[in-house]
Amino acid sequence: MEHIVNMKSLTTEEMMKIIELAREMKADGIRKLDRTYYVSNLFFEPSTRTKSSFEMAERRLGMEVIPFAPESSSTLKGETLYDTVKTFEAIGLDLVVVRHPRDKYYEQLVDHMDIPLINGGDGSGQHPTQSLLDIFTIYEHFGKFEGLNVTIAGDISHSRVAKSNAESLKRLGANVTFVCPDEWAGEFDYTTDLDAQIENCDVLMLLRVQHERHDGDGLAFSKWEYHRQFGLTLERAERLQEHAIIMHPAPVNRGVEIADELIESPKSKILTQVENGVYVRAAIIKLLLKGRNE
Ligand code: CP
């Protein structure tokens with residue numbers, strides 16, 4: 001593993017290696033790396049959990065985190081992403097994490113970089129570390145992927161999480177079904193009937209309605225109507241299988257994708273996903289730096 005930019009670039013063996021190391025770290029603690037490494041998290045889009053989760057993982061690994069805020073950087077003077085990343089490399093960073101609103105921004109970078117790049121999310125493209133923490137959370141609960149019925153419901157076409165998880169979960173042997181309004185299906189086969197899936201799914205993964213990416217293609221119906229047709233209502237939650245789990249990458253639009261009362265309910269893994277993100281990201285960083293040193 002040289003960089004982690006999308007799920008296609010990882011083999012199933014590499015995914016399982018990350019999961020295994022994250023499991024070890026969760027059980028035994030995150031140990032510091034053999035020396036001090038320098039990292040920066042270049043986030044050009046808002047983030048609560050991905051950025052702070054990376055920073056927590058980096059600090060627990062004993063890394064020095066070099067601060068970066070686009071609003072006080074030379075980005076405002078017109079500096080390109082390429083020049084920003086090459087500048088950080090020249091300053092002496094060992095690894096860089098980037099989130100950027102442009103789909104596949106990393107394609108112009110990776111062939112020119114001497115340090116590993118981790119994609120923290122590119123536009124509506126990919127969010128590989130979210131997918132890895134999602135599959136870790138599923139594996140932790142079920143101990144397998146083969147044959148699991150995973151229903152992913154929501155704003156599919158705008159979701160980098162949906163695309164990343166479609167790639168990883170199908171490859172690992174899960175049956176993935178997409179549920180969404182006709183307007184938001186994108187490239188995927190889908191159904192609009194969440195009720196037909198609810199009693200059969202092992203994992204119900206809800207996706208945020210991404211208002212900020214709706215360039216005039218927003219929904220014609222209200223939040224209430226979306227919740228009624230595509231959301232996890234209290235009534236639908238009653239019909240989930242006993243062993244089923246509820247996931248959401250968050251942030252959550254409360255009362256839209258999921259009823260308020262269900263966010264911290266026993267079946268919900270939403271905060272476990274956040275917790276697991278730290279271990280998965282620490283595992284990824286450790287493996288990337290190890291690969292670079294070999
Ligand atoms: N799940 C996720 O990517 O959340 P943030 O946008 O808060 O990082």
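All heavy atoms count here, side chains included; hydrogens, waters and symmetry mates do not. Read the numbers this way: they start at 1 and go in the same order the structure lists the ligands and their atoms.
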- Presence of salt bridge, Lys163 and Asp103, under 4.0 angstrom: no
- Item | NZ/NE/NH1/NH2 to OD/OE distance under 4.0 Å, Asp195 and Arg236 | yes
- Closest to atom 4 (O) of ligand 1 (heavy atoms only, candidates Arg49, Gln273, Arg160, Glu45) is Arg49
- Message: Considering non-hydrogen atoms of the protein only, which is the closest contact for atom 7 (O) of ligand 1, and what is the distance?
- Response: Thr48 N, 2.8 Å
- Message: Tell me the nearest of Ala250, Pro46, Ser47 to atom 2 (C) of ligand 1, using heavy-atom distances.
- Response: Ala250
- Message: Salt bridge check, Lys17 against Glu20: does any charged N sit closer than 4.0 Å to a carboxylate O?
- Response: no
- Query: What atoms in ligand 1 come closer than 4.0 Å to a heavy atom of Thr50?
  - Reply: 2 (C), 3 (O), 4 (O), 5 (P), 8 (O)
- Item | Sidechain N-carboxylate O distance under 4.0 Å for Glu89, Lys86 | yes
- Side-chain ion pair, Lys26 and Glu140, N-O less than 4.0 Å: yes
- Query: Which protein non-hydrogen atom lies closest to atom 6 (O) of ligand 1, naming both residue and atom, and how far is it?
  - Reply: Arg99 NH1, 2.9 Å
